[in-house]
J.: 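Here it is, the structure in full.
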Amino acid sequence: MAASETPRTITLASRASQLAQIQTNIVRDALAKAFPSKTFATSFMTTAGDHNQSQALYLLGGKSLWTKELEVALKEGVVDMLVHSYKDVPTTLPEGCEIGGVLEREDPVDSLVVKKGLEFKTLEDLPDGSVVGTSSVRRVAQLRRLFPKLVFLDVRGNLNTRMAKLDAPDSPYAALILAKAGLVRLGWGSRMTADLHPPTLYHAVSQGALAIEIRSDDTEARELCRSVTHWQTEWQCAAERACLRVLEDIEDHWVRHVAECGAACPAYVGRKGGECAGC
Ligand SMILES: NCc1[nH]cc(CCC(=O)O)c1CC(=O)O
């Protein structure tokens with residue numbers, strides 16, 4: 001760098017939710033510690049996923065809801081690094097963007113949080129008909145089999161909103177299931193009464209890990225990211241994401257198959273609403 005050039009400020013960006021801001025600050029602090037002579041800034045943005053809080057998540061159309069606006073800012077060079085919960089990052093990134101670094105993972109499990117004032121601790125403790133809040137198809141699909149007498153109900157909003165919905169005196173929920181990592185990072189750790197481990201509940205792909213997305217042509221950003229990367233987490237998440245990509249290909253195949261053949265096809269396993277149960 002020529003002596004007259006001003007040193008580059010690296011700007012880290014994420015969604016504006018409290019959890020996203022905490023996560024971005026974790027990455028900024030790790031980078032600032034590794035590179036004390038460099039300048040790092042943060043920028044927080046509202047995304048399409050934040051605007052639509054009422055519709056069920058699985059109807060909203062894909063995980064890129066939370067990343068699209070941020071990726072535009074990254075590509076335009078308005079910001080230099082995006083900090084994501086790795087589990088919210090689609091398995092295929094846009095042309096010109098890549099994951100440059102992955103920080104050490106928190107415990108990836110999901111945890112149970114029981115409504116204030118109730119003394120139940122586990123899913124087994126909850127009386128028949130209790131309402132458990134989660135907006136995750138993954139969690140409901142796994143738990144409905146093991147706990148047929150519990151009622152699983154959608155709950156939306158950021159983590160603080162969900163906790164307020166749980167504890168409201170007129171709330172229908174007896175408990176929520178949330179990712180432990182998010183709860184811990186937001187300081188709600190003391191409210192968790194049980195961790196849900198496999199084979200009861202398998203966590204989401206890359207849950208608990210933070211990923212840094214960069215422009216593929218930004219060699220400086222890539223070097224900075226390498227220094228804060230926890231290679232074991234990176235490998236674990238790479239393996240999990242590779243499995244997910246295969247499953248997504250199978251799902252695409254089925255959706256196309258149903259669109260072309262419809263319910264008349266012998267391979268189509270019909271379900272209410274005409275969705276493909278093979279997915
Ligand atoms: N689904 C939204 C989401 N995306 C990332 C986290 C926090 C946990 C993480 O970083 O993996 C959460 C909350 C949750 O699932 O309870």
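In each ligand, atom 1 is the first atom listed, and ligand 1 is the first ligand listed.
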J.: Quick one: which ligand 1 atoms are inside 4.0 Å of a heavy atom on D88?
T.: 3 (C), 4 (N), 5 (C)
J.: Before signing off on this row, confirm whether A179 and ligand 1 have an N or O atom pair separated by under 3.5 Å.
T.: yes
J.: What atoms in ligand 1 come closer than 4.0 Å to a heavy atom of S85?
T.: 5 (C), 10 (O)
J.: So is there a nitrogen or oxygen of R139 less than 3.5 Å from a nitrogen or oxygen in ligand 1?
T.: yes
J.: Atoms of ligand 1 less than 4.0 Å from R185 heavy atoms?
T.: 10 (O)
J.: Would you please determine whether K180 falls within less than 4.0 Å of ligand 1 on a heavy-atom basis?
T.: no
J.: Just to verify, which of L150, V155, L176 counts as forming a side chain to side chain contact (heavy atoms under 4.5 Å, CB included) with V132?
T.: L150
J.: Record the part of L178 in heavy-atom contact with ligand 1 below 4.0 Å; permitted values are side chain, backbone, both and neither.
T.: both
J.: Rounded to the nearest 0.5 Å, how far does OG1 of T200 lie from CG of L123?
T.: 8.5 Å
J.: Just by distance, with hydrogens left out, do S14 and Q21 show a side-chain donor and acceptor under 3.5 Å apart?
T.: no
J.: Looking only at distances, please establish whether an N/O atom of ligand 1 is found under 3.5 Å from an N/O atom of G208.
T.: yes
J.: Could you tell me whether R162 and ligand 1 have an N or O pair separated by under 3.5 Å?
T.: no
J.: Salt bridge check, R8 against D218: does any charged N sit closer than 4.0 Å to a carboxylate O?
T.: yes
J.: Any nitrogen or oxygen of K87, side chain or backbone, less than 3.5 Å from one on ligand 1?
T.: yes
J.: Does some side-chain heavy atom of E213 sit less than 4.5 Å from a side-chain heavy atom of L70?
T.: no
J.: Would you say M192 and K180 make side-chain contact, with heavy atoms under 4.5 Å?
T.: yes
J.: For N160 and Q18, test the side chains for any donor-to-acceptor distance below 3.5 angstrom and give the result as yes or no.
T.: yes
